[in-house]
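Reviewing the structure listed below.
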Amino acid sequence: MTDPESAPAGTESAPAGTESAPAGTESAPAGTAPANEAERPPRLFIERLGLAAVALFVGGLFTLMAGAAWVGEEGFLAVMAGLGGVMTFWAGFSTLRRG
């Protein structure tokens, strides 16, 4: 923590927890969608296809890790990697479906 008296001139620091964001950059509370969410146009098909391809690749890596962990008798790691693969494949599929 810096001493307020030793700070250079013109750089007064606000008390902890009272910092404010620059005008127009306030963010919505966690768990709420921004106001312009409904106005957002759907993604282009080529963009959705690219995102799904990335999800397919990463899901494949998770699946390989699950298989390697199972062969190495690491059951917990195999289950966790398998679930990661399933969730990644699901996200890729929903990216294609959602539009």
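Nearest heavy-atom pair across T95 and R48 is O-CD, 3.3 Å. Between A55 and G92, the shortest heavy-atom contact is CB-CA, 3.6 Å. Smallest separation of non-hydrogen atoms from A69 and A78: CB-N, 3.6 Å.
For the pair V86/F62, no side-chain contact is recorded, criterion being any heavy-atom separation below 4.5 Å from C-beta on.
We find the CG-OG1 distance between L56 and T88 to be 10.5 Å, quoted to the nearest 0.5 Å.
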